[in-house]
*Asks:* 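Here it is: the structure, laid out below.
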Amino acid sequence: MGKQPVRMKAVIYALSPFQQKVMTGLWKDLPNKIHHKVSENWISATFLLTPVVGVYTYVQQYQEKEKLEHRY
């Protein structure tokens, strides 16, 4: 006896084009969500943003110094 092929049904997930409320939960009460996240994790945010702002400021000053270097 040989093997008999078995038909299997595929499951396909899709969003309905008529469904308009797909991401409403994401935008609902967004300012309070952001405030809550920042107030909970302000130490982590500080440790992340301080080096980024410092490097950006250094690069801006270095570029300005390079532009003005020929004047001296």
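Quick note: residue numbers are just sequence positions, from 1. Computed from a predicted model, the values in this text were never measured in an experiment.
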*Asks:* Mind checking the CG-NE2 spacing from N41 to H36? Nearest 0.5 Å is all I need.
*Replies:*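 Here the rounded value is 8.5 Å.
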*Asks:* If you measure from CG on D29 to NE2 on H35, what distance do you get to the nearest 0.5 Å?
*Replies:*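 D29 atom CG to H35 atom NE2 measures 12.0 Å (nearest 0.5 Å).
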*Asks:* Using the rule that Ile, Leu, Val, Met, Phe, Trp and Tyr join whenever any side-chain heavy atoms are under 4.5 Å apart, tell me whether V52 and V38 fall into a single cluster.
*Replies:*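 No, separate clusters.
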*Asks:* Do L48 and I43 sit in one hydrophobic cluster, given that two such residues count as connected whenever their side-chain heavy atoms are within less than 4.5 Å of each other, even indirectly?
*Replies:*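 L48 does not cluster with I43.
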*Asks:* Can you check whether F47's main-chain N or O pairs, donor with acceptor, with T50's side chain at less than 3.5 Å?
*Replies:*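 No, the answer is negative, given that no donor and acceptor are paired below the 3.5 Å cut-off.
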*Asks:* Is the shortest distance from a Lys or Arg side-chain nitrogen in E40 or K37 to a carboxylate oxygen in the other one below 4.0 Å?
*Replies:*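 Result for this pair is no, no salt bridge flagged.
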*Asks:* Quick one: CH2 on W27 to NZ on K33, what's the gap to the nearest 0.5 Å?
*Replies:*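 Going from CH2 on W27 over to NZ on K33, the span is 10.0 Å.
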*Asks:* Rounded to the nearest 0.5 Å, what separates atom OG in S39 from atom CD1 in I34?
*Replies:*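 Atom-to-atom, S39:OG and I34:CD1 are 12.0 Å apart.
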*Asks:* Report the distance from atom OH of Y58 to atom NZ of K65, rounding to the nearest 0.5 Å.
*Replies:*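 Result: 7.0 Å between the selected atoms.
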